[in-house]
Number of protein chains: 2
Amino acid sequence: MHTLSSITVAQHLTSRAALSRHADAFGIANVGTPMRYARNAEIYGDEEEAEYLYQVVSGAVRTHKILADGRRQIGDFYLPGDIFGLEFDDHHEFSAEAICNSTVMSIKRQVFRETAGHDARLSRELWSATKRQLKRAEKHALLLVLTAQERVAAFLLEMLERSGKTDSFELPMSRQDIADYLGMTIETVSRTVTAFETDGTIALPSARCIVIRKHQALRALDS
Amino acid sequence: MHTLSSITVAQHLTSRAALSRHADAFGIANVGTPMRYARNAEIYGDEEEAEYLYQVVSGAVRTHKILADGRRQIGDFYLPGDIFGLEFDDHHEFSAEAICNSTVMSIKRQVFRETAGHDARLSRELWSATKRQLKRAEKHALLLVLTAQERVAAFLLEMLERSGKTDSFELPMSRQDIADYLGMTIETVSRTVTAFETDGTIALPSARCIVIRKHQALRALDS
DNA sequence: CGACTTGTTGACACTGCTCAAGATACGTGG
DNA sequence: CCACGTATCTTGAGCAGTGTCAACAAGTCG
């Protein structure tokens with residue numbers, strides 16, 4: 001698969017630009033290799049050489065880092081269509097794991113490097129993906145200075161939006177994943193979600209299934 | 001290029017370390033327009049159209065956002081050599097202000113768009129600058145889940161490194177700026193810094209001048 | 001059905017915030 | 001150069017929100 005010519009890469013990338021939010025990015029996946037990962041399987045490790053770029057096809061992925069005191073911080077969650085593995089230098093800052101059984105497209109960065117050198121559109125696509133990730137990282141940092149209630153509200157609203165649904169959605173990740181993403185404990189996440197259920201803001205048919213009942217109440221907490 | 005030669009630019013630099021670290025990026029500044037901003041002057045506003053890209057020549061710049069509850073969150077600090085104003089779309093996510101009297105090179109993004117289309121090297125530079133900013137944003141997010149002590153230690157070490165000095169440096173920003181960057185109150189920043197002084201980890205000839213006495217003590221707190 | 005993982009709830013401790021006052025540094029005009 | 005007013009920084013006391021530790025409940029898989 002990696003023997004695909006760079007011309008093919010360019011064709012895929014240029015023909016699909018700007019169809020939908022992720023349409024252009026799917027061009028990347030189309031020239032990659034589909035890989036399946038089981039729940040909790042490692043896709044790449046912290047400090048490992050960043051040889052590939054990835055795009056989620058199905059399932060969900062999380063990136064994380066273990067801090068000096070042993071705590072785990074989630075860098076981001078990636079859902080179908082999302083690109084991950086972009087790094088400043090040639091080594092990963094975070095480890096990446098499949099949250100549930102997932103399919104991920106991977107493509108060698110080397111192919112991009114060769115192609116992007118003479119393909120302005122491909123360059124722009126990669127730059128654009130990086131800027132999108134930058135915006136997400138900045139938003140993540142903003143989240144971490146809010147109160148527990150505000151963090152959870154913002155998280156639920158974001159997951160709702162990314163799910164493409166309007167009212168209810170399934171969380172692929174555990175409470176522990178959410179806690180490590182929001183920089184709080186699993187107990188506080190649980191208590192906060194329960195409080196939203198108690199006051200009727202959301203309903204919880206099951207722990208992983210969220211039904212938003214009062215969108216306005218959550219939005220009022222979202223900065 | 002430009003009425004302002006790179007020699008003039010270099011003369012304005014307060015830190016040679018910043019120059020070498022970002023030497024490649026100075027190609028960008030050399031084709032821009034030098035602008036002077038007074039202390040606390042706004043360089044661009046939140047939600048404003050992102051018409052220019054900027055590089056600090058001398059002084060220091062902060063970006064910030066006002067949250068729903070009125071609190072201010074600092075996005076990042078920029079020192080001589082640093083590029084700022086990169087955005088995912090065409091609107092700024094943060095406002096930018098001069099921390100002290102500063103000189104900033106600005107260049108119209110339109111010029112980049114035209115040039116980058118046929119200049120692979122320039123494309124790479126811009127992409128690289130974005131990836132560098134992404135890495136900084138991710139590191140910032142990690143900071144915000146640490147204890148007050150750890151945040152301040154990490155902040156001081158980072159400012160030391162960026163200053164290009166090995167032991168002592170001047171902080172261009174106020175305690176309030178630091179507090180809003182680290183997601184804590186000015187009182188806690190002050191208390192934490194004082195505690196470091198009390199236990200001999202640092203010395204404080206003045207509030208804005210930091211002397212690192214025990215590098216190891218700070219590094220032990222830095223994840 | 002039983003073992004294990006994941007999620008919920010409770011009691012208490014502690015970090016960092018709030019509110020308040022005082023100290024120091026800084027800029028400006030006389 | 002000094003005096004005053006203002007902005008910045010430090011320090012203190014009490015409190016609120018979140019973490020810690022522990023027990024229990026629910027869900028999941030073999």
Side-chain angles (χ1 to χ4, degrees), chain A residues 38-40 60 62 67 69-74 97 99-101 143-156 170-199 202-210 221, chain B residues 38-40 60 62 67 69-74 97 99-101 143-156 170-199 202-210 221:
Chain A
R39 194 167 95 97
N40 293 325
R62 61 174 175 254
L67 304 180
D69 61 358
R71 269 167 50 225
R72 181 185 70 154
Q73 177 63 23
I74 301 277
E97 296 169 349
I99 293 173
C100 49
N101 294 341
L143 257 190
L144 298 176
V145 303
L146 304 178
T147 65
Q149 237 196 358
E150 292 168 330
R151 293 185 212 192
V152 173
F155 176 76
L156 292 178
E170 288 283 325
L171 290 173
M173 70 290 285
S174 69
R175 291 287 189 271
Q176 188 65 61
D177 287 338
I178 298 172
D180 292 347
Y181 177 70
L182 297 179
M184 42 203 260
T185 61
I186 183 175
E187 292 95 331
T188 303
V189 171
S190 185
R191 272 187 257 268
T192 308
V193 170
T194 301
F196 281 144
E197 188 194 18
T198 304
D199 69 18
I202 65 172
L204 288 173
S206 73
R208 300 285 185 100
C209 181
I210 309 283
L221 290 170
Chain B
R39 194 165 96 97
N40 293 325
R62 64 175 173 253
L67 304 180
D69 60 0
R71 269 168 50 226
R72 181 185 71 155
Q73 176 64 22
I74 300 277
E97 295 169 350
I99 292 173
C100 49
N101 295 341
L143 257 191
L144 298 176
V145 304
L146 305 178
T147 65
Q149 235 194 359
E150 292 168 330
R151 291 186 212 191
V152 173
F155 176 76
L156 292 178
E170 288 282 326
L171 290 173
M173 70 290 286
S174 68
R175 292 285 188 273
Q176 187 65 61
D177 287 339
I178 298 172
D180 292 346
Y181 177 71
L182 297 179
M184 41 203 260
T185 61
I186 183 175
E187 293 96 330
T188 303
V189 171
S190 184
R191 272 186 259 268
T192 308
V193 170
T194 301
F196 281 144
E197 187 194 20
T198 305
D199 69 18
I202 66 172
L204 287 173
S206 73
R208 301 286 183 101
C209 180
I210 309 283
L221 290 169

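Each chain gets a letter, A, B and so on, in the order its sequence line appears, and its residues count up from 1.
When distances are taken from the side chain of A148(A) to each of dT18(D), dT6(C), dT20(D), the shortest belongs to dT18(D). Among the nucleotides dC21(D), dC19(C), dT8(C), the one closest to the side chain of E187(B) is dC19(C).
Side-chain atoms of R191(A) and base atoms of dG10(C) include a donor and an acceptor less than 3.5 Å apart.
Note on T147(B): only backbone sugar-phosphate atoms sit closer than 4.0 angstrom, heavy atoms only; bases stay farther off.
Rounded to whole Å, atom P of dT6(C) lies 13 Å from atom CG of D180(A). What separates CD1 of I186(B) from P of dG12(D) is a distance of 16 Å, to the nearest Å. If you take CD of E197(A) and C1' of dA26(D), they are 14 Å apart, rounded to a whole angstrom. For the pair D69(A) CG and dG19(D) P, the interatomic distance rounds to 13 Å; values are reported in whole Å. Counting to the nearest Å, the P atom of dA7(D) and the CG atom of D177(B) are 16 Å from each other. Distance, I178(A) CD1 to dT6(C) P: 13 Å, rounded to whole Å. Atoms CD (E150(A)) and C1' (dA16(D)) sit 15 Å apart, rounded to a whole Å.
At the phosphate of dT6(C), neither OP1 nor OP2 sits under 4.0 Å from any side-chain N or O atom of S174(A). Contact annotation: R208(B) reaches the phosphate of dC9(D) (side-chain N/O to OP1 or OP2, under 4.0 Å). At least one side-chain nitrogen or oxygen of T194(B) sits closer than 4.0 Å to the OP1 or OP2 atom of dT11(D). Within the 4.0 Å cut-off from OP1 or OP2 of dA26(D), not a single side-chain nitrogen or oxygen of R175(A) is found. Taking 4.0 angstrom as the limit, T188(B) places none of its side-chain polar atoms (N or O) nearer than this to OP1 or OP2 of dG16(C).
L182(B) pairs with exactly one of I74(B), V152(B), L146(B), T188(B) by the side-chain contact (heavy atoms from CB on, under 4.5 Å) rule, that one being V152(B).
Side-chain atoms of R62(A) do not come within 3.5 Å of backbone N or O of M173(A) as any donor-acceptor pair. Judged by distance alone, the side chain of N101(A) and the main-chain N or O of R39(A) form a donor-acceptor pair under 3.5 Å. For the pair S190(B) (side chain) and I186(B) (backbone), a donor-acceptor distance under 3.5 Å is absent.
For the pair V189(A) and A207(A), nearest-nucleotide mapping onto DNA chain D gives the more 5' position to V189(A). A residue-by-residue look at R39(B) and Q149(B) shows that Q149(B) has its nearest nucleotide of DNA chain C further toward the 5' end.
More than 12 heavy atoms of other residues, nucleotides or ligands lie within 6.0 Å of CZ in R208(A), so this atom counts as buried by the packing criterion.
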